[in-house]
Amino acid sequence: MSGLLTGGEILCRTLLDAGVDVLFGYPGGAIMPFYDALHGHPGLRHILVRHEQAAAHAADGYARASNRVGVCVATSGPGATNLVTGLATAHMDGSPVLAITGQVSRPMLGRDAFQETDVVGVTAPVTKHNALVRDVAELADVVREAMAIAVEGRPGPVLVDVPKDVQNQKAEYEPRAIRPARAPREAGRPLNDDALREVARLIAAAERPLMMIGRGIIVSGAYAEVRALAERAGMPVITTLLGISAFPQAHALHLGMPGMHGEVHVNKAIQAADVIVGIGLRFDDRVTGNTATFAPRAKIVHIDIDAAAIGRNVPIAVGIAGDAKAVVGRLLTFVEPRDCPRWKEEIRGLMRSREEVFSGGLTPETILSALAEVTGGRTTIVSDVGQHQMWVAQRYPFQRPNSHITSGGLGAMGFAVPAAMGVHLARPDEPVWAISGDGGFQMNMAEIATMIQEGLVVKLAIFNNGYLGMVRQWQQFFHGGRYASTPIWSPDYVKLAAAYGIPGWRIKSAGEIEDALRRANQSAGPALVELVIEQEANVFPMIVPGGSLSEPLEAAPV
Amino acid sequence: MKQARTVTVRLEEELLTLGRACGVLRRHNMPIRDFAVVSNGQPGTWKLSCVIEAEDAALQGLVLQINNVIGVRETTVTPSFLSEVS
């Protein structure tokens with residue numbers, strides 16, 4: 001026992017005892033007792049963001065880069081509701097985030113008090129778990145339980161709503177460890193060797209086997225097992241958007257990304273495959289296109305920690321609920337070494353080089369190759385949402401595990417800049433690059449002030465084409481070229497950088513790229529590089545929404 | 001083939017858990033009838049039951065998602081008495 005503490009102090013002690021050392025947040029009326037307690041707990045570093053959405057994205061970026069729970073804090077009402085997009089992002093992509101929100105005092109609950117919102121109700125669909133703390137005596141246990149839930153099974157965000165008077169209430173605090181994570185009920189059963197033997201049999205009998213891997217590999221840390229399985233079976237590997245960097249891009253068996261902006265040879269390989277072993281992915285609609293025409297010849301094996309995800313989107317031959325590392329590790333004992341030279345040759349025959357014409361030679365290929373060269377691959381790339389996101393996914397040569405972070409499922413523009421702040425705190429010894437378009441960057445560019453105030457080192461690259469490029473591309477292809485509200489004005493980014501006191505460069509031709517990126521990468525603090533790219537550049541290939549992977553667009557429809 | 005089944009969810013006696021389980025039902029947008037929540041079973045638990053007409057696979061997916069809700073103890077599906085007599 002350690003005497004009586006206030007609820008705010010208990011929150012601080014609980015977080016510290018759980019190993020938390022950084023919080024992203026924004027104070028306000030209903031969370032003030034917690035901030036008052038925070039003042040006396042220097043072991044908890046608080047990062048003052050400029051908008052609560054950034055706090056949630058930053059906590060998410062921290063969680064993805066560190067494999068620990070990221071923590072964000074907001075006050076009641078607007079503070080809490082501003083977290084929602086960040087929580088929904090973490091929910092869709094399976095990232096463990098703890099949100100702590102202040103709430104109006106208990107006697108005021110349900111009376112439409114100032115800054116009262118039913119945030120537990122609002123966030124229920126976008127969190128794994130949430131709770132309103134009704135008594136200080138239960139506060140520590142509620143937080144500990146929420147943190148345990150955040151990491152177990154498929155990770156996800158949790159929220160603890162703490163009324164202001166509970167933060168001021170006093171109780172005894174008893175340090176206790178967070179309970180060990182429990183496997184979800186279906187995934188917690190012993191592995192079924194008969195199912196694994198069946199998977200091994202399917203792989204052995206296949207003429208055109210493929211492996212498709214997603215973020216589950218990164219969460220599970222199953223890099224070595226997946227690589228061993230691919231190499232033992234001679235099975236080409238496809239990485240989904242969130243699976244990028246789960247398998248080395250330069251590996252001879254790596255094919256690329258599937259789906260809406262997947263390479264033609266990748267999608268055609270899927271359509272020709274006779275067995276697909278999908279591990280740690282959801283087979284979501286951006287990956288499959290029209291599910292009725294997806295992989296028509298393939299028997300699909302689906303391995304995932306979330307039993308509810310197995311077979312939800314595509315029909316499967318074998319489903320195994322479990323942790324990827326454990327399942328693939330066990331599967332390896334049943335798979336006989338083999339190779340598929342004719343299949344690999346067939347896929348090679350589907351590959352083609354890109355022919356791109358960009359003004360000033362500023363092609364995505366050129367930019368991203370220069371960035372890889374300048375960083376020597378020693379960086380984490382955090383991409384925003386839109387055309388640049390697809391170019392990064394298609395073309396940046398990721399080699400290290402978990403070096404690519406993006407908002408995949410929710411597709412939340414504005415994610416990259418704040419998420420990169422979280423990544424920096426998780427990986428302070430290497431540069432972090434936030435790559436955005438001019439639209440997404442402007443959503444959260446106020447966070448440069450956070451970087452300056454808190455000493456966060458994030459390198460900012462902006463692909464500026466003067467449009468909300470992906471929406472404009474759809475307008476060009478599917479809406480008669482009517483560019484409704486997609487041209488977007490930008491400030492002078494170099495002057496903006498100067499206003500924040502950081503170096504900035506505007507690049508208009510290929511010859512200038514490397515020098516600017518190198519200087520930005522080597523600068524001691526945040527730096528900004530604006531890349532003025534072709535205005536009406538499009539991302540190819542493209543599968544039309546709801547279309548078949550067999551029918552890629554490789555040029556704008558006439 | 002679509003069939004009417006009774007889905008029974010045993011869950012912790014907690015409005016939030018009930019709300020989350022109902023949220024899963026709502027998102028699936030399946031026709032639901034005879035919805036009831038009773039508290040005369042095991043102490044500390046409620047029993048939610050309803051009749052849903054759906055394909056087997058869709059119902060199985062629904063059950064797995066409800067099982068993912070924190071605080072749900074068990075979800076079962078049984079042939080619907082109402083469908084048998086109708």
Side-chain angles (χ1 to χ4, degrees), chain A residues 91-92 94 109-110 118-134 138 142 145-161 179 181-189 282-283 291 302 304-316 319 321, chain B residues 1-3 5-32 35 37 39 41-48 50 52-78:
Chain A
H91 192 246
M92 287 289 270
L109 283 169
D118 174 16
V119 73
V120 167
V122 168
T123 59
V126 294
T127 53
K128 266 181 97 173
H129 170 70
N130 58 15
L132 171 71
V133 181
R134 296 180 185 277
E138 64 187 36
V142 169
E145 180 63 14
M147 292 184 80
I149 289 169
V151 295
E152 67 190 7
R154 184 180 194 268
V158 293
L159 181 142
V160 177
D161 197 27
R179 67 167 173 77
R182 292 185 293 242
R185 64 197 89 183
E186 288 81 6
R189 295 177 185 145
R282 296 179 292 126
F283 289 102
T291 51
H302 195 175
D304 198 279
I305 189 82
D306 181 4
I310 294 174
R312 181 162 64 195
N313 297 326
V314 293
I316 56 165
Chain B
M1 193 185 75
K2 282 188 180 177
Q3 267 189 306
R5 314 285 175 82
T6 300
V7 175
T8 306
V9 184
R10 197 160 57 81
L11 60 138
E12 284 170 14
E13 196 179 55
E14 167 67 57
L15 278 172
L16 259 171
T17 307
L18 177 64
R20 284 177 173 275
C22 291
V24 176
L25 288 170
R26 177 182 51 72
R27 281 187 66 197
H28 278 258
N29 200 29
M30 294 170 177
I32 291 177
F35 185 94
V37 180
S39 58
Q42 285 182 17
T45 66
W46 285 338
K47 192 171 75 175
L48 177 164
C50 59
I52 301 179
E53 192 173 324
E55 306 277 355
D56 276 354
L59 211 51
Q60 191 188 352
L62 173 79
V63 166
L64 289 169
Q65 281 188 287
I66 293 176
N67 272 340
N68 273 350
V69 172
I70 306 296
V72 165
R73 303 270 180 87
E74 185 184 31
T75 309
T76 53
V77 179
T78 51

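Throughout, protein chains are lettered first and strands after them, A, B, ... in sequence-line order, and every chain is numbered starting at 1.
Counted within 6.0 Å of CZ on A/R179, heavy atoms from surrounding residues, nucleotides or ligands total more than 12; the atom is thus considered enclosed. Around CD of B/Q60, the count of heavy atoms belonging to other residues, nucleotides or ligands within 6.0 Å does not exceed 12.
When all heavy atoms of A/A308 and B/N68 are compared, the closest pair comes out as CB-ND2, 3.6 Å. Considering every non-hydrogen atom in both B/Q65 and A/R312, the closest pair reads NE2-NH1, 3.2 Å.
Note on A/T127, A/L132, A/I310: by heavy-atom pairs under 4.5 Å with chain B, the leading option is A/T127.
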